[in-house]
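Here's the structure, in structure tokens; my notes come after.
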Number of protein chains: 2
Amino acid sequence: MSGERVPTANMAMVARVAGVSRATVSNVLNHPDRVHPDTVAAVNAAIHQLKFVRNGLARTLAAGHANNIGIIVSGFDHSYSSEIIVSAQDKAIEAGMHVVITCSNHDIALQDDHLRYLHGEGVAAVILVPMPNSDASISRAIGRGTRLILIDYDGEPLNCSSVRIDNIATGRLAATYLLESGKSRLHFVGPDGDRVVIRDRCRGVTEAVGFAGMSVSTVQGLSREAATAQGREIASLARDGLIDGVIAATDIIGMGVIFGLKEIGLKVPEDVAVVGCDYNAFAWRGDVTLTSVDLLSETVGATAMQLALDQVKGRVQAPCNIVLQPRLVIRGS
Amino acid sequence: MSGERVPTANMAMVARVAGVSRATVSNVLNHPDRVHPDTVAAVNAAIHQLKFVRNGLARTLAAGHANNIGIIVSGFDHSYSSEIIVSAQDKAIEAGMHVVITCSNHDIALQDDHLRYLHGEGVAAVILVPMPNSDASISRAIGRGTRLILIDYDGEPLNCSSVRIDNIATGRLAATYLLESGKSRLHFVGPDGDRVVIRDRCRGVTEAVGFAGMSVSTVQGLSREAATAQGREIASLARDGLIDGVIAATDIIGMGVIFGLKEIGLKVPEDVAVVGCDYNAFAWRGDVTLTSVDLLSETVGATAMQLALDQVKGRVQAPCNIVLQPRLVIRGS
DNA sequence: CTGAAAGCGCTTACAG
DNA sequence: CTGAAAGCGCTTACAG
């Protein structure tokens with residue numbers, strides 16, 4: 001157990017080489033305008049020569065504020081997560097902040113752990129895409145004083161900023177499109193369980209159609225295999241003329257349905273039209289491209305980061321809850 | 001600019017509440033066995049009462065070693081990244097370490113930035129899945145003293161531990177399988193550019209087949225759209241009887257080819273068999289599932305983390321370079 | 001078993 | 001414009 005770090009250059013060494021005090025080195029790094037140009041040059045030369053990289057831990061500790069923001073996601077199996085991360089990071093970089101990501105791997109205990117960990121590491125704020133039913137964990141984080149921004153949070157109202165998509169509107173948008181395309185016997189298919197997101201999408205469909213006009217079925221889980229299997233079931237309903245439009249709660253399911261329909265020779269969208277609800281880049285692209293509802297991942301990520309930055313910079317105190325309206329993207333299904 | 005942190009409990013407060021010194025609180029946290037059980041209980045009660053979370057920055061700074069390991073990936077658009085992260089994190093957690101992820105978004109400057117940043121944050125080690133042509137950036141990190149583990153690095157030999165898949169074997173495996181399935185007119189299709197990974201896979205195919213027995217084509221980029229378009233081109237070659245087996249450098253391309261073939265009524269794998277080379281869970285399993293070469297992402301991630309931990313714990317000094325042999329997974333194509 | 005003291009590498013008023 | 005000094009929140013020998 002001797003994994004000592006190779007002795008790295010620190011500010012004291014830079015100061016010595018440059019012939020100045022540590023305070024001056026610090027000033028060159030943080031407020032170069034307050035330092036004589038010649039001194040700046042000398043210090044920078046020393047920094048360069050010693051390959052000095054400032055210790056960010058000590059910096060944060062001494063300065064009392066961090067220059068990084070944490071993002072916790074539960075997994076990368078949906079393109080939504082990655083898209084949020086990328087757009088959030090872009091915004092953070094503009095503001096001179098770093099982003100560290102943490103993955104809870106769909107494990108609520110791990111999510112809790114990451115929340116504690118990032119708090120302990122003193123990140124300036126945490127953006128969380130919370131797992132369902134993690135209210136307790138979230139409240140604890142807020143209680144601890146973590147600056148938290150919630151994405152697509154669907155639990156009890158919390159004293160915390162958030163950004164989310166209107167999932168009822170998502171379902172309504174999908175259903176309305178099918179109705180306007182002349183379809184009338186709609187079917188909603190979503191994963192089992194009682195996730196609010198899915199329930200909302202279903203509710204949106206119901207609002208647009210009315211209970212009488214629709215049927216509903218369920219897929220076990222979120223896998224492609226299960227989606228394809230259920231697609232075959234739905235195809236048989238379609239063959240019997242019971243269905244002419246399908247709203248799939250997820251794009252993966254939507255593609256499964258399309259494969260099921262085509263397998264028995266039904267034409268998409270002529271015989272049966274299919275709309276997905278989560279614009280998943282990992283789902284598109286069979287020979288038929290899936291029409292879906294854009295959940296504006298990029299806007300969501302950028303907005304969440306903006307809220308985080310506003311809080312960090314002290315520009316805003318009160319929590320701010322933003323609800324975004326989704327957008328239908330018509331493609332080939 | 002007044003985004004001050006809410007005053008959080010620190011060790012001094014815990015010590016006061018528990019009626020002990022800060023050193024004792026620290027001992028309760030780090031070496032509970034050295035402390036009287038009653039004292040431990042009192043301190044823990046205070047910790048609980050104050051919702052104290054130890055400042056990890058200060059801990060790392062004072063202790064001289066971190067309890068976290070960074071992973072830098074260039075994106076999450078391939079399931080390989082996520083799988084590596086998950087398995088690496090599992091191994092880290094076993095060892096009581098935390099994992100922070102950073103995404104360079106396919107930007108070599110950003111990758112360099114993350115490398116510097118993580119070094120500055122003092123992470124115990126960094127696992128990097130490097131972008132092509134980032135040797136300079138990597139050497140700099142090593143020079144700085146960062147403990148670096150490279151995954152699938154294909155540049156100049158470096159004084160640094162690494163894990164990689166044998167990509168020549170990947171191509172050979174795919175081609176050999178097709179030959180043994182009775183196919184003889186093989187075609188290799190990969191993305192343009194001169195990535196070593198792709199060249200190696202092609203070389204593996206060549207080794208198995210000989211130049212005379214194969215043709216080669218190229219896709220612009222890695223998108224599904226381009227893959228599908230090229231799939232149509234390849235399908236026309238197949239229709240003319242010039243091809244009866246396709247090795248696709250990526251699974252996304254493989255699926256594009258399958259869609260192209262089926263569009264003109266060719267049967268997969270009877271008329272033309274298709275094998276992918278990167279076992280991408282995001283390549284949609286259509287009605288035909290893609291036979292592919294498993295790049296053992298989980299082993300790669302776990303092994304990389306093991307190498308990192310060994311170094312951190314001081315169990316190993318010399319760099320260790322591991323080459324893993326891929327494994328063919330026969331599915332429906 | 002417990003605590004006083006020094007120190008990790010930096011920043012930030014405050015003098016000069 | 002520059003530096004001496006205190007302090008960020010913790011850990012670690014070292015006494016006791």
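All of these numbers come straight from a predicted model, not from anything done at the bench. Every heavy atom of this structure was used, including side-chain atoms; hydrogens, water molecules and symmetry mates were not. By convention in this document, chain letters (A, B, ...) are assigned in the order of the sequence lines, proteins followed by strands, and residues within each chain are numbered from 1.
For DNA chain C, each stem of at least three Watson-Crick or G-U pairs (distances under 3.5 Å) is given as range with range: C:1-3 with D:14-16, C:5-12 with D:5-12, C:14-16 with D:1-3.
Looking only at side-chain heavy atoms (C-beta outward), Leu309(B) and Lys91(B) come within less than 4.5 Å of each other. Val99(A) places a side-chain heavy atom less than 4.5 Å from the side chain of Met305(A).
Here the OG1 atom belonging to Thr102(A) is positioned 9.0 Å from the NE2 atom belonging to His98(B), to the nearest 0.5 angstrom. Between Ile138(B) atom CD1 and Met131(B) atom CE the span is 10.5 Å, to the nearest 0.5 Å. One finds the CE atom of Met97(B) at 13.5 Å from the CD atom of Gln89(B) (value rounded to the nearest 0.5 Å).
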Reading nucleotides 9-16 of chain D from 5' to 3' and marking B where a protein heavy atom lies under 4.0 Å of the base, S where only the sugar-phosphate is that close, and - otherwise, the string is BBBB----
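Between Thr24(B) and dG3(C), a side-chain N or O to OP1/OP2 separation shorter than 4.0 Å is present. For Thr39(A) and dT2(D), the shortest distance from a side-chain N or O to OP1 or OP2 is below 4.0 Å.
A donor atom on one side chain and an acceptor atom on the other are not found under 3.5 Å apart for Asp135(A) and Ser139(A).
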For Asp152(B) and Ile165(B): C-alpha separation, side-chain torsions, deciding distance, then whether side-chain contact (heavy atoms from CB on, under 4.5 Å) applies.
CA-CA 6 Å; Asp152(B) 288 338; Ile165(B) 279 286; 4.1 Å; yes
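Around CG of Asn133(A), the count of heavy atoms belonging to other residues, nucleotides or ligands within 6.0 Å does not exceed 12.
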